[in-house]
*Asks:* 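I'd like to ask you about the structure that follows.
Values in this document were obtained by computation on a predicted structure and should not be read as measured data. Both counts, for ligands and for their atoms, begin at 1 and track the order of listing.
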Amino acid sequence: MTKVVFFTDVKRLHEALALFPLKRYKEKKVPVKLHMGEKRNPYFVKPELVKLVVDELKKVSADPFLFDTTVAYRGSRHTKKDYLKLANLHGFTMKNVGCHVVIDDSGVPTVIEGRTFDVADHLKEATHIFALSHVKGHVQSGMGGAIKNFGMGGVTKETKIKIHDGSSPVYQKDACTYCGVCAEVCPFHVIKVTKDSWEYNEQGCFGCGVCVDACKNKALRNQDADIQFLLACSTKACVQDKNVLYLNELKRIAKGCDCDPNAGPIICPDIGYLVSDDPVAIDKASLDLINEVKENVFLKINKVDPLKQIKFGEEIGLGSSSYQLIML
Ligand code: SF4
Ligand code: SF4
């Protein structure tokens, strides 16, 4: 069964990593994949934790660098230049973390489940990766953890847009009974139903798929597929056939993502850290631990079931949702 190691004191990171074959990272160039935070977001992974990871990698003579990709929307991470500036502002400097930062804006097409995902150049090249993911809520996928870190964060802008567009709803008038359920459940209130009309504001849609799941008459379907399925596929495109170690930080667990300057309140007390070599297992363990403290908090607050990404991940062979939790 997949091993997931849980600890609350970050000083035990070395002990946790020692339970995995970190020595394989010797003399490898290792992208440390993380989200360095949108401007004004206070919750992203902090340089102090990143430095501990970098130090552990250096202890086994690996050559780590911090890594992320540009984003599709206009803002402080839209271009490589702007993202590097923001990374510096957020404290991800050579002085603070002991390695440099690389941001990619282009990628290599990789086919998974019949779809093409452009995996960022440095991830595609890497044989060994370290994933550092801050676990928090997310408007589209309920929760963001290891799967979200790669699924959206490991690919190019063009692929990010394709994933967003692919999960938006397509309406089939013939099957619609104008029951209004989709409008009631849409977390963003972009659907309007009257007794004989159905309207939807595409610009305001976040592609969460809640309306598609809620329509029992099959009058709605995703443009391509559920966003959580596409995220799981995209993650597989980034990590398949590579050595990847995952560290999930379950702290500052907010309603929204690190890409949101208004990520909302903290919705769950701090829990600790998890390490695994399986992205599905570590996200399932993260969700289970959070649910123990605040039952179904992401589902209740974001109205999107985060378990879907875990189930889809397992279905496509990304990893296993069965795990053995080792407490340090
Ligand atoms: S839930 Fe389905 S059937 Fe009901 S209004 Fe929405 S699209 Fe039409
Ligand atoms: S996909 Fe989500 S945001 Fe878009 S219309 Fe449906 S419920 Fe609303």
Side-chain angles (χ1 to χ4, degrees), residues 38 41 71-75 113 115 117 136-145 147-148 151-153 155 157-235 254-265 267 283 287 296-313 315-316:
E38 187 53 70
N41 177 289
V71 296
Y73 49 85
R74 299 274 158 198
E113 300 287 318
R115 295 165 178 85
F117 301 88
K136 67 275 158 184
H138 197 279
V139 289
Q140 284 162 311
S141 53
M143 175 187 101
I147 294 173
K148 180 73 177 41
M152 197 57 85
V155 292
K157 284 184 182 111
E158 293 71 24
T159 294
K160 287 177 170 91
I161 292 170
K162 212 159 88 177
I163 292 174
H164 279 280
D165 290 350
S167 58
S168 61
V170 176
Y171 174 64
Q172 281 148 306
K173 191 176 186 327
D174 292 352
C176 182
T177 60
Y178 306 103
C179 67
V181 169
C182 54
E184 278 166 34
V185 297
C186 173
F188 306 98
H189 313 291
V190 294
I191 302 176
K192 201 173 150 205
V193 182
T194 67
K195 64 178 179 13
D196 55 5
S197 72
W198 186 95
E199 282 170 36
Y200 141 78
N201 170 12
E202 201 178 336
Q203 300 304 321
C205 172
F206 278 82
C208 65
V210 169
C211 57
V212 177
D213 288 347
C215 178
K216 298 301 169 220
N217 299 311
K218 300 205 180 322
L220 298 175
R221 62 172 170 80
N222 294 114
Q223 198 73 248
D224 175 14
D226 190 300
I227 191 162
Q228 298 198 53
F229 174 77
L230 297 174
L231 288 172
C233 292
S234 177
T235 300
K255 175 181 188 289
C257 180
D258 297 345
C259 58
D260 191 344
N262 304 302
I267 56 173
D283 276 2
L287 188 57
N296 288 331
V297 66
F298 294 130
L299 179 59
K300 282 180 192 156
I301 291 190
N302 288 326
K303 313 273 185 263
V304 181
D305 187 358
L307 197 57
K308 286 203 282 182
Q309 59 200 281
I310 291 159
K311 285 186 181 159
F312 285 133
E315 265 171 43
I316 63 163

*Asks:* Which of the atoms of ligand 1 are close to G180, meaning less than 4.0 Å from one of its heavy atoms?
*Replies:* 4 (Fe), 5 (S)
*Asks:* What's within reach of atom 2 (Fe) of ligand 2, meaning protein N/O/S atoms under 2.8 Å?
*Replies:* C208 SG
*Asks:* Who's the nearest protein heavy-atom neighbour of atom 3 (S) of ligand 1, and how far?
*Replies:* N217 ND2, 3.3 Å
*Asks:* How about I191 and C211: do any of their side-chain heavy atoms sit closer than 4.5 Å?
*Replies:* yes
*Asks:* Please set out all donor-acceptor pairs under 3.5 angstrom arising from side-chain atoms of residues 296-311, sequence neighbours excluded.
*Replies:*
{"from": "K300", "atom 1": "NZ", "to": "E295", "atom 2": "O", "distance (Å)": "3.0"}
{"from": "N302", "atom 1": "ND2", "to": "G142", "atom 2": "O", "distance (Å)": "3.2"}
{"from": "N302", "atom 1": "ND2", "to": "K255", "atom 2": "O", "distance (Å)": "3.1"}
{"from": "K303", "atom 1": "NZ", "to": "K300", "atom 2": "O", "distance (Å)": "2.9"}
{"from": "D305", "atom 1": "OD1", "to": "L307", "atom 2": "N", "distance (Å)": "3.0"}
{"from": "K308", "atom 1": "NZ", "to": "D213", "atom 2": "OD2", "distance (Å)": "2.7"}
{"from": "K308", "atom 1": "NZ", "to": "D226", "atom 2": "OD2", "distance (Å)": "2.5"}
{"from": "Q309", "atom 1": "NE2", "to": "S141", "atom 2": "O", "distance (Å)": "3.0"}
{"from": "Q309", "atom 1": "NE2", "to": "M143", "atom 2": "O", "distance (Å)": "3.3"}
{"from": "Q309", "atom 1": "NE2", "to": "Q228", "atom 2": "OE1", "distance (Å)": "3.1"}
{"from": "Q309", "atom 1": "NE2", "to": "P306", "atom 2": "O", "distance (Å)": "3.2"}

*Asks:* Could I get the full list of ring pair (Phe, Tyr, Trp, His ring centres under 6.0 Å) partners for F117, not counting sequence neighbours?
*Replies:* none
*Asks:* Is the closest side-chain heavy-atom distance between Y73 and K157 below 4.5 Å?
*Replies:* no
*Asks:* Which atoms from ligand 1 have a heavy atom of W198 less than 4.0 Å away?
*Replies:* 6 (Fe), 7 (S)
*Asks:* Any non-hydrogen side-chain atom of P187 less than 4.5 Å from a side-chain atom of V139?
*Replies:* no
*Asks:* Tell me which protein heavy atom sits closest to atom 2 (Fe) of ligand 1, plus the residue, atom name and distance to 0.1 Å.
*Replies:* C215 SG, 2.4 Å
*Asks:* Looking at atom 2 (Fe) of ligand 1, is there an N, O or S atom belonging to C182 that lies under 2.8 Å away from it?
*Replies:* no
*Asks:* Is any side-chain heavy atom of D224 less than 4.5 Å from a side-chain heavy atom of R115?
*Replies:* yes
*Asks:* Taking only heavy atoms of L220 into account, list the atoms of ligand 1 that are under 4.0 Å away from them.
*Replies:* 7 (S)
*Asks:* Of the backbone atoms (N, CA, C, O) and the side-chain heavy atoms from C-beta on, which set of I191 has a member under 4.0 Å from an atom of ligand 2: side chain, backbone, both, or neither?
*Replies:* side chain
*Asks:* Enumerate the residue pairs fulfilling ring-ring contact (aromatic ring centres under 6.0 Å, His included) with a member in residues 192-216, sequence neighbours excluded, ordered by first and then second residue.
*Replies:* Y171-W198, F188-F206, W198-Y200
